[in-house]
Amino acid sequence: MTIKTRFAPSPTGYLHVGGARTALFSWLYAKKNQGNFVLRIEDTDLERSSQESVEAILEGMTWLGLAHDEGPFYQTQRFDRYKAVIQQLLDQGHAYYCSCTKERLDEMRDTQKQQKQKPRYDGRCRHGISDENIEKVIRFKNPEQGAIIINDLVKGAITIQNKELDDLIIARSDGSPTYNLTVVVDDMDMEISHVIRGDDHLNNTARQINILNALNAKPPQYAHLPMILGDDGARLSKRHGAVSVMQYRDDGFLPEALLNYLVRLGWSHGDQEVFSIKAMINLFDLKDVNVAASAFNSEKLLWLNHQYIMNSAPDTILKHFIWHLEQLKIDPSTGADPILMITAQRERCKTLVEMAEASRYFYQDFDQYDTKAAKKNFKADSEIVLQTLLDQFSNTKIWDGEVLHKIVLETAETMALKLGKVAQPLRVAVCGGSVSPSIDITLSLLGRDKVLNRIQNAIDYIKNLDK
Ligand code: GLU
């Protein structure tokens, strides 16, 4: 059997982490089994869907690297097909027109609630309606007897009695198909073998299987993923902070780190925390998906991001880092090679936003020193230290970390100063603050011109302090 999975978002907002996790698990399962991954945009709810959301979802999927093998298919382009299937169900006696008014349905629901019954349609129009001209919806004739057993690949066997289900609406009075109908037709036509989705859809699954049975189609296998909770135990939502995938990009996360974090939300492989994409594909299996809900932990995501920043080959980070430099209006062509920058900065930066911000002075001159750092390191006697360094640096022919480091060491020695008394004023002079990569790397990445200019500026600044 060819494995085919799908991600079927409704474009009513951005791609959020819950959706991204569903997409990832579906993608992984397809990749692991040399199958195909389908992207389907469920845009039949015209009021709530928007082109902007479609684009946001596609952008999120692209950024995450979850490429689809088929699609994207748009449900709004398949209305004729849905209509044909609805007609087929009507012709074969699996569906019927219903002319019950909203008032009648509301009244029925209220009575059922009062009697502590589950609200459900009572089937009045099952046996025909009198007035053909009246506004009517189409309902699926759900079997009245028997039960549906969902052999869920995550949750195990779940039995749902047909008498618990009512006759759901498959076409609205304007003829447009409803969610459960379109999903069934698409899963059938697209030959989806495994439906992997959030367990909020579990209630729909029995209904969908009944429709598939009526259409003589073999239902796919289902895997319902546990919910994602926020740190307060409630379902993850906007109020828990960033839930949009693109917000994580903006906040300086690497897509691989987010994917690694998401794969662990509800799936585990022993105690292993860090998984390359390749390892995820190799190791992923639905049987290892947890049944219980998992809680989103931003600290752990940040930790993972740092692991990826520290351990990935710099060239895989490059395009993301350049993107962040550009967001901060830093032109990477005005300073150090960004690849070398990544290597120099990555130990101390947990996000690429931090890294870009911490790299600013390598590309742009600053017009202010960090107040505390300047106060501590720019004293009257630092002037002579900086002047000595300036002379030495101006004379050196080779601009190389090792050579520069030696000059700093020798200057300290000659002046009988502790290394910090030389290196720190120098650091503040060339970086504007007291935090930077090691001084030799900092100097070599800044380059001769920036270093000489900035030392001169610091000397002038100190001279002015006396006045
Ligand atoms: N369009 C549905 C949603 O965004 C998903 C449907 C499905 O996966 O079956 O919730």
- Message: Here's a test for you: under salt bridge (charged side-chain N to carboxylate O under 4.0 Å, His left out), which of D367, D365, D449 qualifies with R454?
- Response: D365

- Item | Sole residue of L202, I149, I148 in side-chain contact (heavy atoms from CB on, under 4.5 Å) with I158 | L202

- Within 45° cone and under 6.0 Å: K136 NZ/CZ vs Y97 ring: yes

- Query: Step by step, would you call W27 with F284 a ring pair (Phe, Tyr, Trp, His ring centres under 6.0 Å)?
  - Reply: CA-CA 10 Å; W27 183 84; F284 184 78; over 10 Å; no

- Note on the structure: Scanning both residues in full, the closest heavy-atom pair of S53 with P11 reads CB-O, 3.2 Å

- Query: Does the distance from a Lys or Arg side-chain N to an Asp or Glu carboxylate O, for D122 and R109, drop under 4.0 Å?
  - Reply: no

- Stepwise, does the salt bridge (Lys or Arg N to Asp or Glu O under 4.0 Å) test hold for R249 with E59? CA-CA 11 Å; R249 174 198 63 180; E59 188 187 24; 3.5 Å; yes

- Which heavy atom in S444 sits nearest to a heavy atom in G401, and how many Å separate them? CB-N, 3.7 Å

- Query: Quick check, are the ring centers of W267 and F275 under 6.0 angstrom apart?
  - Reply: yes

- Item | Residues R104, E107: salt bridge by 4.0 Å N-O rule | no

- Message: With a 6.0 Å cut-off (strictly less than), is the heavy-atom count around NZ of K350, excluding the residue itself, greater than 12?
- Response: no

- What are the two closest heavy atoms between N297 and Y261, and how far apart are they? N-OH, 2.6 Å

- Query: Is there a donor-acceptor pair closer than 3.5 Å between any side-chain N or O of N162 and the backbone N or O of E144?
  - Reply: no

- Query: Taking the six-membered ring for Trp, are F253 and Y248 parallel (under 30°), tilted (30 to 60°) or perpendicular (over 60°)?
  - Reply: perpendicular

- Item | Nearest heavy atoms of K4 and M190, plus distance in Å | NZ-O, 2.8 Å

- Could you check E164 against K118 for salt bridge (Lys or Arg N to Asp or Glu O under 4.0 Å), going step by step and ending with a plain yes or no? CA-CA 8 Å; E164 296 287 318; K118 204 166 136 193; 3.5 Å; yes

- Query: Looking only at heavy atoms, what is the nearest atom pair of L64 and L259, with distance?
  - Reply: O-CD1, 3.2 Å

- Quick one: sort the Y14 and H16 rings into parallel, tilted or perpendicular, breaks at 30° and 60°. perpendicular

- Could you tell me which non-hydrogen atom of Q75 sits nearest to which non-hydrogen atom of D186, and how far apart they are? NE2-OD2, 2.7 Å

- Kindly indicate whether a cation-pi arrangement holds for R21 with F25, taking the cut-offs as under 6.0 Å to the six-membered ring centre and within 45° of the axis. yes

- Query: Do we see a donor-acceptor contact under 3.5 Å between the side chains of D110 and Q114?
  - Reply: no

